[in-house]
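Below: one structure in C-alpha coordinates.
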Amino acid sequence: MNYDVVIIGSGVAGLQAAIHAARKKVKVAVIGKIEASALSKAHIENYLGIETSDGSKLLETGAKQARHYGAELFPEEVISVEMSEGGFIVKTDGMKDLACKALIIASGISRNKLNVEGEKEFYGLGVSYCANCDCHFFKKKKVAIVGNGSNAAVAALLLKDYADKVYWVAKAVTASKELMEMVEVSSIEIISPAWPAKIVGENVVKGIVLKDGKVIDVDGVFIELGAKGAADLAIELGIIADESGSIKVDRECRTETEGVFACGDITGQPWQMAKAVGEGCVAGLNAASFARKEVE
Amino acid sequence: MEQDDELESIRARKLNALIEHSNKKGEKKMAGNVEVITDAGFDKFIKQDKLVVIDCWAPWCGPCRALAPKIEELSVEMADKVAFGKLNTDENENVALRFNISAIPTVLIFKNGNFVDRIVGLRPKEAMKAAFEKML
Ligand SMILES: Cc1cc2nc3c(=O)[nH]c(=O)nc-3n(C[C@H](O)[C@H](O)[C@H](O)COP(=O)(O)OP(=O)(O)OC[C@H]3O[C@@H](n4cnc5c(N)ncnc54)[C@H](O)[C@@H]3O)c2cc1C
(Lines give C-alpha, C1' and ligand atoms only; values in the text may rest on other atoms or scores of the structure.)
Protein backbone atom coordinates (compact mmCIF):
# COMPACT_ATOMS: atom_id res chain seq x y z
CA MET A 1 0.00 0.00 0.00
CA ASN A 2 1.43 3.37 -1.01
CA TYR A 3 0.83 6.66 0.73
CA ASP A 4 2.27 10.15 0.66
CA VAL A 5 2.16 10.54 4.42
CA VAL A 6 1.93 7.85 7.10
CA ILE A 7 1.24 8.94 10.67
CA ILE A 8 2.20 6.71 13.59
CA GLY A 9 -0.26 7.37 16.38
CA SER A 10 -3.93 8.30 16.34
CA GLY A 11 -4.01 10.54 19.38
CA VAL A 12 -4.58 14.25 19.33
CA ALA A 13 -1.38 15.15 17.50
CA GLY A 14 -1.69 12.38 14.90
CA LEU A 15 -5.33 13.13 14.08
CA GLN A 16 -4.69 16.87 13.77
CA ALA A 17 -1.72 16.13 11.50
CA ALA A 18 -3.96 13.85 9.43
CA ILE A 19 -6.61 16.55 9.03
CA HIS A 20 -4.10 19.15 7.87
CA ALA A 21 -2.19 16.79 5.59
CA ALA A 22 -5.32 15.28 4.02
CA ARG A 23 -6.74 18.74 3.31
CA LYS A 24 -3.66 19.36 1.20
CA LYS A 25 -4.88 16.52 -1.02
CA VAL A 26 -2.15 14.02 -0.31
CA LYS A 27 -2.79 10.36 0.47
CA VAL A 28 -2.68 9.89 4.24
CA ALA A 29 -2.75 6.83 6.50
CA VAL A 30 -3.00 6.98 10.29
CA ILE A 31 -2.02 3.94 12.34
CA GLY A 32 -2.99 3.57 15.97
CA LYS A 33 -5.67 2.64 18.42
CA ILE A 34 -7.68 5.64 19.46
CA GLU A 35 -8.50 4.17 22.84
CA ALA A 36 -4.75 3.99 23.62
CA SER A 37 -4.37 7.78 23.47
CA ALA A 38 -3.55 9.51 26.76
CA LEU A 39 -6.54 11.72 26.08
CA SER A 40 -9.04 8.87 26.08
CA LYS A 41 -8.87 8.80 29.88
CA ALA A 42 -8.77 12.55 30.30
CA HIS A 43 -11.41 15.10 31.05
CA ILE A 44 -10.50 18.34 29.30
CA GLU A 45 -11.22 21.73 30.78
CA ASN A 46 -8.34 23.86 29.57
CA TYR A 47 -8.70 23.73 25.80
CA LEU A 48 -9.72 26.93 24.07
CA GLY A 49 -13.38 27.07 23.09
CA ILE A 50 -14.40 23.87 24.87
CA GLU A 51 -15.61 24.36 28.39
CA THR A 52 -15.51 20.74 29.33
CA SER A 53 -15.38 17.49 27.39
CA ASP A 54 -14.51 13.83 27.60
CA GLY A 55 -11.24 13.08 25.85
CA SER A 56 -12.68 10.04 24.13
CA LYS A 57 -15.45 12.15 22.60
CA LEU A 58 -12.94 14.62 21.20
CA LEU A 59 -10.91 11.78 19.71
CA GLU A 60 -13.96 10.19 18.08
CA THR A 61 -14.91 13.49 16.48
CA GLY A 62 -11.30 14.03 15.41
CA ALA A 63 -11.16 10.62 13.77
CA LYS A 64 -14.39 11.37 11.91
CA GLN A 65 -12.97 14.67 10.67
CA ALA A 66 -9.73 13.01 9.52
CA ARG A 67 -11.72 10.38 7.59
CA HIS A 68 -13.97 13.06 6.12
CA TYR A 69 -10.95 14.73 4.52
CA GLY A 70 -9.78 11.44 3.07
CA ALA A 71 -7.31 10.02 5.61
CA GLU A 72 -7.43 6.25 6.09
CA LEU A 73 -7.33 5.06 9.71
CA PHE A 74 -5.93 1.67 10.71
CA PRO A 75 -6.57 0.63 14.33
CA GLU A 76 -3.31 -1.33 14.46
CA GLU A 77 0.15 -0.99 15.98
CA VAL A 78 3.39 -0.26 14.20
CA ILE A 79 5.97 -2.94 14.93
CA SER A 80 8.81 -1.65 12.76
CA VAL A 81 9.83 1.09 10.36
CA GLU A 82 12.64 1.25 7.89
CA MET A 83 14.10 3.62 5.38
CA SER A 84 13.66 2.62 1.77
CA GLU A 85 14.28 4.03 -1.67
CA GLY A 86 12.50 7.38 -1.74
CA GLY A 87 10.86 7.07 1.65
CA PHE A 88 9.89 4.67 4.39
CA ILE A 89 8.19 1.33 4.97
CA VAL A 90 5.98 0.99 8.01
CA LYS A 91 5.03 -2.50 9.17
CA THR A 92 1.99 -3.11 11.37
CA ASP A 93 0.98 -5.93 13.67
CA GLY A 94 -1.75 -6.68 11.15
CA MET A 95 1.15 -7.56 8.83
CA LYS A 96 0.51 -4.60 6.55
CA ASP A 97 3.39 -2.90 4.79
CA LEU A 98 2.71 0.78 4.18
CA ALA A 99 5.14 2.68 1.97
CA CYS A 100 5.27 6.45 2.25
CA LYS A 101 7.29 9.49 1.25
CA ALA A 102 6.93 11.31 4.55
CA LEU A 103 6.46 9.94 8.03
CA ILE A 104 5.03 11.56 11.13
CA ILE A 105 5.77 10.15 14.58
CA ALA A 106 2.89 11.07 16.88
CA SER A 107 2.96 8.14 19.25
CA GLY A 108 2.74 9.98 22.56
CA ILE A 109 4.75 9.11 25.64
CA SER A 110 5.11 5.51 26.65
CA ARG A 111 5.19 4.40 30.23
CA ASN A 112 7.09 1.16 30.22
CA LYS A 113 7.81 0.39 33.87
CA LEU A 114 6.17 -2.55 35.58
CA ASN A 115 6.69 -1.10 39.09
CA VAL A 116 7.31 -4.34 40.94
CA GLU A 117 9.92 -5.32 43.49
CA GLY A 118 13.20 -6.39 41.89
CA GLU A 119 12.60 -4.54 38.64
CA LYS A 120 14.98 -1.68 39.39
CA GLU A 121 17.47 -3.79 41.31
CA PHE A 122 17.95 -6.26 38.47
CA TYR A 123 17.83 -3.82 35.55
CA GLY A 124 20.82 -4.82 33.45
CA LEU A 125 21.23 -8.00 35.49
CA GLY A 126 18.42 -9.88 33.78
CA VAL A 127 15.75 -7.21 33.46
CA SER A 128 15.53 -5.53 30.05
CA TYR A 129 13.22 -3.10 28.26
CA CYS A 130 14.67 -3.63 24.79
CA ALA A 131 14.43 -7.06 23.19
CA ASN A 132 16.22 -5.83 20.08
CA CYS A 133 19.18 -4.51 22.07
CA ASP A 134 19.55 -7.32 24.56
CA CYS A 135 18.39 -10.59 22.95
CA HIS A 136 21.93 -11.76 22.30
CA PHE A 137 22.69 -11.94 26.04
CA PHE A 138 20.13 -14.71 26.45
CA LYS A 139 21.41 -17.40 24.10
CA LYS A 140 20.41 -20.80 25.46
CA LYS A 141 18.79 -19.26 28.54
CA LYS A 142 15.26 -19.04 29.91
CA VAL A 143 13.37 -15.78 29.62
CA ALA A 144 9.96 -14.34 30.37
CA ILE A 145 8.29 -11.61 28.35
CA VAL A 146 5.85 -9.47 30.30
CA GLY A 147 3.14 -7.57 28.44
CA ASN A 148 -0.22 -8.07 26.78
CA GLY A 149 0.00 -6.73 23.28
CA SER A 150 1.70 -7.03 19.92
CA ASN A 151 4.90 -5.50 21.23
CA ALA A 152 5.24 -8.36 23.72
CA ALA A 153 4.45 -10.90 20.97
CA VAL A 154 7.15 -9.46 18.73
CA ALA A 155 9.67 -9.64 21.59
CA ALA A 156 8.70 -13.26 22.35
CA LEU A 157 9.03 -14.23 18.69
CA LEU A 158 12.49 -12.62 18.54
CA LEU A 159 13.70 -14.14 21.80
CA LYS A 160 12.64 -17.67 20.85
CA ASP A 161 15.45 -17.68 18.28
CA TYR A 162 17.99 -17.04 21.03
CA ALA A 163 16.70 -18.47 24.29
CA ASP A 164 16.05 -22.13 25.07
CA LYS A 165 12.72 -21.35 26.67
CA VAL A 166 10.41 -18.37 26.30
CA TYR A 167 7.47 -17.74 28.63
CA TRP A 168 5.02 -14.97 27.85
CA VAL A 169 3.24 -13.61 30.91
CA ALA A 170 0.10 -11.58 30.14
CA LYS A 171 -2.99 -10.39 31.99
CA ALA A 172 -4.89 -11.00 28.77
CA VAL A 173 -3.28 -11.41 25.39
CA THR A 174 -4.27 -8.58 23.04
CA ALA A 175 -1.74 -9.04 20.23
CA SER A 176 -2.94 -9.06 16.62
CA LYS A 177 -4.30 -12.31 15.23
CA GLU A 178 -1.52 -12.44 12.64
CA LEU A 179 1.16 -12.38 15.34
CA MET A 180 -0.81 -14.85 17.48
CA GLU A 181 -0.82 -17.32 14.60
CA MET A 182 2.97 -17.23 14.66
CA VAL A 183 3.10 -17.50 18.44
CA GLU A 184 0.76 -20.47 18.47
CA VAL A 185 2.92 -22.59 16.20
CA SER A 186 6.07 -21.67 18.10
CA SER A 187 7.57 -23.04 21.29
CA ILE A 188 6.55 -19.93 23.26
CA GLU A 189 4.62 -20.82 26.41
CA ILE A 190 1.85 -18.38 27.28
CA ILE A 191 1.04 -17.94 30.96
CA SER A 192 -2.23 -16.03 31.16
CA PRO A 193 -4.14 -14.64 32.94
CA ALA A 194 -1.15 -13.86 35.13
CA TRP A 195 1.05 -10.93 36.16
CA PRO A 196 4.32 -10.59 38.06
CA ALA A 197 4.21 -9.70 41.74
CA LYS A 198 8.00 -9.47 41.96
CA ILE A 199 11.23 -10.33 40.22
CA VAL A 200 13.60 -12.35 42.35
CA GLY A 201 17.26 -13.29 42.19
CA GLU A 202 20.66 -13.20 43.73
CA ASN A 203 23.07 -10.84 41.97
CA VAL A 204 21.22 -11.72 38.79
CA VAL A 205 17.60 -12.59 37.98
CA LYS A 206 16.56 -16.09 38.95
CA GLY A 207 12.83 -15.93 38.49
CA ILE A 208 9.46 -14.25 38.61
CA VAL A 209 6.91 -14.67 41.35
CA LEU A 210 3.43 -14.32 39.89
CA LYS A 211 0.52 -12.74 41.74
CA ASP A 212 -0.99 -16.17 42.37
CA GLY A 213 2.25 -17.18 44.09
CA LYS A 214 3.51 -19.42 41.29
CA VAL A 215 7.23 -19.12 40.58
CA ILE A 216 8.79 -19.30 37.12
CA ASP A 217 12.53 -19.87 36.95
CA VAL A 218 14.08 -17.56 34.35
CA ASP A 219 17.38 -15.80 33.69
CA GLY A 220 15.81 -12.82 31.98
CA VAL A 221 12.67 -10.70 32.14
CA PHE A 222 11.75 -8.52 29.15
CA ILE A 223 9.24 -5.85 30.04
CA GLU A 224 7.25 -4.94 26.94
CA LEU A 225 4.21 -2.95 28.00
CA GLY A 226 2.04 -0.98 25.58
CA ALA A 227 2.86 -0.42 21.92
CA LYS A 228 6.40 -0.31 20.61
CA GLY A 229 7.86 2.92 21.96
CA ALA A 230 8.76 5.84 19.76
CA ALA A 231 12.40 5.78 20.86
CA ASP A 232 12.78 2.23 19.52
CA LEU A 233 11.02 3.08 16.27
CA ALA A 234 13.01 6.28 15.83
CA ILE A 235 16.35 4.55 16.04
CA GLU A 236 15.49 2.55 12.93
CA LEU A 237 15.30 5.92 11.19
CA GLY A 238 18.60 7.16 12.55
CA ILE A 239 16.86 9.41 15.09
CA ILE A 240 18.11 9.21 18.62
CA ALA A 241 15.70 10.07 21.40
CA ASP A 242 17.06 11.78 24.49
CA GLU A 243 17.18 10.15 27.91
CA SER A 244 13.61 11.10 28.66
CA GLY A 245 12.53 9.39 25.44
CA SER A 246 11.68 12.64 23.65
CA ILE A 247 12.44 13.27 19.98
CA LYS A 248 13.97 16.61 19.09
CA VAL A 249 12.24 18.68 16.38
CA ASP A 250 12.71 22.16 14.96
CA ARG A 251 9.97 24.76 14.60
CA GLU A 252 8.75 23.00 11.46
CA CYS A 253 8.41 19.74 13.43
CA ARG A 254 11.23 18.24 11.36
CA THR A 255 13.40 15.61 13.04
CA GLU A 256 17.04 15.15 12.20
CA THR A 257 16.12 12.65 9.47
CA GLU A 258 14.81 14.16 6.26
CA GLY A 259 11.17 13.29 5.61
CA VAL A 260 10.46 12.33 9.23
CA PHE A 261 8.39 14.70 11.34
CA ALA A 262 7.24 14.38 14.96
CA CYS A 263 4.53 16.06 17.02
CA GLY A 264 2.70 15.90 20.33
CA ASP A 265 3.84 14.52 23.67
CA ILE A 266 6.73 12.68 21.99
CA THR A 267 8.57 15.95 21.29
CA GLY A 268 8.67 16.88 24.97
CA GLN A 269 6.78 18.90 27.55
CA PRO A 270 4.28 20.43 28.09
CA TRP A 271 2.21 17.31 27.70
CA GLN A 272 -0.94 19.16 26.80
CA MET A 273 -3.56 18.80 24.13
CA ALA A 274 -3.18 22.40 22.92
CA LYS A 275 0.51 21.88 22.23
CA ALA A 276 -0.12 18.49 20.59
CA VAL A 277 -2.74 19.97 18.29
CA GLY A 278 -0.52 22.91 17.34
CA GLU A 279 2.40 20.68 16.50
CA GLY A 280 0.10 18.25 14.69
CA CYS A 281 -0.98 21.04 12.39
CA VAL A 282 2.61 22.07 11.63
CA ALA A 283 3.80 18.48 11.11
CA GLY A 284 0.81 17.62 8.90
CA LEU A 285 1.27 20.62 6.64
CA ASN A 286 5.02 20.19 6.34
CA ALA A 287 4.89 16.43 5.77
CA ALA A 288 2.33 16.98 3.01
CA SER A 289 4.48 19.56 1.26
CA PHE A 290 7.54 17.38 1.68
CA ALA A 291 5.73 14.44 0.05
CA ARG A 292 4.42 16.64 -2.76
CA LYS A 293 7.84 18.08 -3.56
CA GLU A 294 9.16 14.56 -3.94
CA VAL A 295 6.65 13.96 -6.72
CA GLU A 296 7.30 17.14 -8.69
CA MET B 1 20.48 -22.52 11.32
CA GLU B 2 18.60 -20.83 8.52
CA GLN B 3 16.89 -18.60 11.04
CA ASP B 4 20.25 -17.61 12.51
CA ASP B 5 21.48 -16.65 9.06
CA GLU B 6 18.36 -14.64 8.46
CA LEU B 7 18.73 -12.82 11.76
CA GLU B 8 22.34 -12.07 10.97
CA SER B 9 21.44 -10.71 7.56
CA ILE B 10 18.70 -8.50 9.03
CA ARG B 11 21.16 -7.18 11.58
CA ALA B 12 23.82 -6.56 8.94
CA ARG B 13 21.32 -4.75 6.77
CA LYS B 14 20.14 -2.53 9.61
CA LEU B 15 23.67 -1.78 10.64
CA ASN B 16 24.70 -0.85 7.12
CA ALA B 17 21.68 1.40 6.78
CA LEU B 18 22.56 3.13 10.04
CA ILE B 19 26.20 3.55 9.09
CA GLU B 20 25.29 4.81 5.66
CA HIS B 21 22.82 7.17 7.19
CA SER B 22 25.31 8.61 9.68
CA ASN B 23 27.88 9.03 6.92
CA LYS B 24 25.33 10.84 4.83
CA LYS B 25 24.63 13.23 7.62
CA GLY B 26 28.36 13.86 7.88
CA GLU B 27 28.29 12.80 11.50
CA LYS B 28 31.46 13.69 13.31
CA LYS B 29 34.05 10.97 13.51
CA MET B 30 34.57 9.67 16.96
CA ALA B 31 36.14 12.37 19.05
CA GLY B 32 37.50 12.29 22.54
CA ASN B 33 39.76 9.86 24.32
CA VAL B 34 37.70 6.68 24.28
CA GLU B 35 39.80 3.61 23.66
CA VAL B 36 38.32 0.58 21.90
CA ILE B 37 38.63 -2.37 24.30
CA THR B 38 38.37 -6.08 23.48
CA ASP B 39 38.16 -9.19 25.66
CA ALA B 40 41.91 -9.62 25.18
CA GLY B 41 42.91 -6.11 26.23
CA PHE B 42 40.34 -5.75 29.00
CA ASP B 43 42.32 -6.79 32.10
CA LYS B 44 45.27 -4.64 31.19
CA PHE B 45 43.08 -1.63 30.56
CA ILE B 46 41.25 -1.74 33.90
CA LYS B 47 44.51 -1.84 35.84
CA GLN B 48 45.30 1.86 35.77
CA ASP B 49 45.84 4.47 38.44
CA LYS B 50 43.00 6.51 37.02
CA LEU B 51 39.37 5.61 37.51
CA VAL B 52 38.36 3.40 34.55
CA VAL B 53 34.99 3.68 32.82
CA ILE B 54 33.98 1.19 30.14
CA ASP B 55 30.95 1.78 27.95
CA CYS B 56 29.56 -1.62 26.89
CA TRP B 57 27.48 -1.32 23.74
CA ALA B 58 26.36 -2.98 20.49
CA PRO B 59 25.82 -1.41 17.09
CA TRP B 60 22.06 -2.00 16.81
CA CYS B 61 21.27 -0.67 20.28
CA GLY B 62 19.65 2.76 19.99
CA PRO B 63 20.25 3.98 23.53
CA CYS B 64 23.91 2.97 23.15
CA ARG B 65 24.26 5.23 20.14
CA ALA B 66 22.70 8.04 22.12
CA LEU B 67 25.11 7.51 25.00
CA ALA B 68 28.29 7.34 22.91
CA PRO B 69 28.70 11.09 22.20
CA LYS B 70 28.12 11.90 25.89
CA ILE B 71 30.85 9.48 26.90
CA GLU B 72 33.12 11.04 24.30
CA GLU B 73 32.52 14.50 25.72
CA LEU B 74 33.15 13.29 29.25
CA SER B 75 36.36 11.61 28.11
CA VAL B 76 37.64 15.04 27.15
CA GLU B 77 36.29 16.86 30.20
CA MET B 78 37.59 14.27 32.66
CA ALA B 79 40.72 13.21 30.77
CA ASP B 80 43.08 13.88 33.66
CA LYS B 81 41.12 11.77 36.15
CA VAL B 82 39.31 9.04 34.23
CA ALA B 83 40.32 6.58 31.50
CA PHE B 84 37.44 5.80 29.13
CA GLY B 85 37.02 2.67 27.03
CA LYS B 86 34.25 1.17 24.91
CA LEU B 87 33.59 -2.51 24.41
CA ASN B 88 31.33 -4.10 21.79
CA THR B 89 29.48 -6.80 23.75
CA ASP B 90 28.58 -8.74 20.65
CA GLU B 91 32.20 -9.24 19.65
CA ASN B 92 33.48 -9.57 23.22
CA GLU B 93 31.25 -12.01 25.04
CA ASN B 94 33.70 -12.86 27.80
CA VAL B 95 33.53 -9.49 29.50
CA ALA B 96 29.75 -9.48 29.13
CA LEU B 97 29.55 -12.90 30.79
CA ARG B 98 32.04 -12.08 33.52
CA PHE B 99 30.08 -9.01 34.61
CA ASN B 100 26.63 -10.50 34.02
CA ILE B 101 25.79 -7.80 31.50
CA SER B 102 22.28 -8.42 30.22
CA ALA B 103 21.14 -4.99 29.04
CA ILE B 104 22.99 -2.29 27.17
CA PRO B 105 24.22 0.34 27.42
CA THR B 106 25.97 -0.72 30.62
CA VAL B 107 28.81 1.39 31.92
CA LEU B 108 31.27 -0.50 34.14
CA ILE B 109 33.40 1.45 36.61
CA PHE B 110 36.74 0.20 38.01
CA LYS B 111 39.06 1.59 40.63
CA ASN B 112 42.58 0.21 41.07
CA GLY B 113 41.60 -2.68 38.81
CA ASN B 114 38.57 -3.59 40.93
CA PHE B 115 34.97 -3.42 39.79
CA VAL B 116 33.14 -0.79 41.85
CA ASP B 117 29.85 0.02 40.15
CA ARG B 118 27.71 -0.15 37.04
CA ILE B 119 25.28 2.23 35.41
CA VAL B 120 22.62 0.65 33.21
CA GLY B 121 20.67 2.52 30.56
CA LEU B 122 20.85 5.94 29.04
CA ARG B 123 21.31 8.76 31.57
CA PRO B 124 21.81 12.50 31.21
CA LYS B 125 25.44 13.48 30.77
CA GLU B 126 25.57 15.42 34.04
CA ALA B 127 24.22 12.44 35.99
CA MET B 128 26.94 10.24 34.51
CA LYS B 129 29.58 12.81 35.34
CA ALA B 130 28.36 13.08 38.93
CA ALA B 131 28.43 9.29 39.27
CA PHE B 132 32.03 9.12 38.07
CA GLU B 133 33.11 12.01 40.24
CA LYS B 134 31.67 10.33 43.31
CA MET B 135 33.99 7.40 42.69
CA LEU B 136 37.18 9.45 42.38
C1 LIG C 1 -5.37 11.36 32.86
C2 LIG C 1 -4.89 12.42 31.90
C3 LIG C 1 -5.46 13.68 31.96
C4 LIG C 1 -5.04 14.68 31.07
N5 LIG C 1 -5.64 15.90 31.12
C6 LIG C 1 -5.30 16.85 30.23
C7 LIG C 1 -5.96 18.13 30.23
O8 LIG C 1 -6.85 18.39 31.03
N9 LIG C 1 -5.59 19.04 29.31
C10 LIG C 1 -4.62 18.80 28.37
O11 LIG C 1 -4.35 19.64 27.56
N12 LIG C 1 -3.98 17.61 28.36
C13 LIG C 1 -4.29 16.63 29.26
N14 LIG C 1 -3.64 15.42 29.23
C15 LIG C 1 -2.54 15.21 28.26
C16 LIG C 1 -3.02 14.91 26.85
O17 LIG C 1 -3.85 13.79 26.89
C18 LIG C 1 -1.83 14.68 25.95
O19 LIG C 1 -0.99 15.81 25.98
C20 LIG C 1 -2.23 14.42 24.49
O21 LIG C 1 -3.09 13.31 24.42
C22 LIG C 1 -1.01 14.19 23.64
O23 LIG C 1 -1.35 13.82 22.36
P24 LIG C 1 -0.46 12.86 21.47
O25 LIG C 1 -1.20 12.71 20.19
O26 LIG C 1 0.92 13.37 21.43
O27 LIG C 1 -0.40 11.49 22.26
P28 LIG C 1 -1.61 10.51 22.59
O29 LIG C 1 -2.88 11.24 22.60
O30 LIG C 1 -1.23 9.75 23.80
O31 LIG C 1 -1.66 9.54 21.34
C32 LIG C 1 -0.63 8.67 21.02
C33 LIG C 1 -1.19 7.64 20.08
O34 LIG C 1 -0.11 6.89 19.51
C35 LIG C 1 -0.47 5.54 19.46
N36 LIG C 1 0.75 4.72 19.41
C37 LIG C 1 1.78 4.65 20.28
N38 LIG C 1 2.70 3.76 19.86
C39 LIG C 1 2.25 3.27 18.70
C40 LIG C 1 2.72 2.29 17.80
N41 LIG C 1 3.89 1.64 17.97
N42 LIG C 1 1.97 2.00 16.72
C43 LIG C 1 0.79 2.64 16.49
N44 LIG C 1 0.28 3.57 17.32
C45 LIG C 1 1.00 3.87 18.41
C46 LIG C 1 -1.33 5.31 20.67
O47 LIG C 1 -2.13 4.23 20.43
C48 LIG C 1 -2.11 6.63 20.73
O49 LIG C 1 -3.28 6.52 19.99
C50 LIG C 1 -4.03 14.40 30.10
C51 LIG C 1 -3.46 13.13 30.08
C52 LIG C 1 -3.87 12.14 30.95
C53 LIG C 1 -3.23 10.78 30.89
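Protein chains get the first letters and strands the later ones, always in sequence-line order, with residue 1 at the start of each.
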In terms of heavy-atom proximity below 4.5 Å to chain B, should A:Phe138 be classed as side chain, backbone, both, or neither?
->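 Contact with chain B involves the side chain of A:Phe138 alone.
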Is it the side chain or the backbone of A:Ala231 that comes within 4.5 Å of chain B heavy atoms, both, or neither?
-> neither
Would the number of heavy atoms belonging to other residues, nucleotides or ligands and lying under 6.0 Å from CD of A:Glu117 be above 12?
->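 Atom CD in A:Glu117 is not crowded, with 12 or fewer foreign heavy atoms closer than 6.0 Å.
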Report the distance from atom OG of B:Ser102 to atom CZ of A:Phe222, rounding to the nearest 0.5 Å.
->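 One gets 7.5 Å once the value is rounded to the nearest 0.5 Å.
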B:Ala66 versus chain A, heavy atoms under 4.5 Å apart: side chain, backbone, both or neither?
->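 Both parts, heavy atoms under 4.5 Å.
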Roughly how far apart are B:Thr106 OG1 and A:Leu125 CG, rounded to 0.5 Å?
->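 If we round to the nearest 0.5 Å, B:Thr106:OG1 and A:Leu125:CG are 7.5 Å apart.
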Check whether A:Lys120 gets within reach of chain B through its side chain, its backbone, both or neither, counting any heavy atom under 4.5 Å.
->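 For A:Lys120, neither part sits under 4.5 Å from chain B.
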Drop me the distance from B:Cys61's SG to A:Ile235's CD1, to the nearest 0.5 angstrom.
->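 So the gap between those two atoms works out to 8.0 Å.
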Any side-chain heavy-atom pair of A:Glu236 and B:Trp60 under 4.5 Å =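 Answer no - side chains too far apart.
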Could I get the full list of side chain to side chain donor-acceptor pair (under 3.5 Å) partners for A:Thr92, not counting sequence neighbours?
-> A:Glu76
Non-hydrogen atoms of chain A under 4.5 Å away: do they reach the side chain of B:Pro63, the backbone, both or neither?
-> side chain
Is A:Ser128 reaching over with its side chain to a backbone N or O of B:Ala103, donor-acceptor style, under 3.5 angstrom?
->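 Checked: no pair found.
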Heavy atoms under 4.5 Å from chain A: which residues of residues 39-56 of chain B carry them?
-> none
Could you please state which residues from residues 109-125 of chain B sit under 4.5 angstrom from chain A, measuring non-hydrogen atom to non-hydrogen atom, sorted by number, or 'none'?
->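 At a heavy-atom separation under 4.5 Å, chain A is reached by B:Arg118, B:Val120, B:Gly121, B:Leu122, B:Arg123, B:Pro124.
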Can you name the one residue among B:Leu97, B:Asp90, B:Thr89 that meets side chain to side chain contact (heavy atoms under 4.5 Å, CB included) with A:Phe137?
-> B:Thr89
Region of A:Val205 in contact with chain B, defined by heavy-atom distances below 4.5 Å |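 No part of it gets close to chain B.
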Could you list the residues that satisfy salt bridge (charged side-chain N to carboxylate O under 4.0 Å, His left out) with A:Lys91, not counting sequence neighbours?
-> A:Asp97
Sort A:Asp219 into side chain, backbone, both or neither according to what part of it lies under 4.5 angstrom from a heavy atom of chain B.
-> neither
How close do B:Ile104 and A:Asp134 get, heavy atom to heavy atom, and via which atoms?
-> N-OD1, 2.9 Å
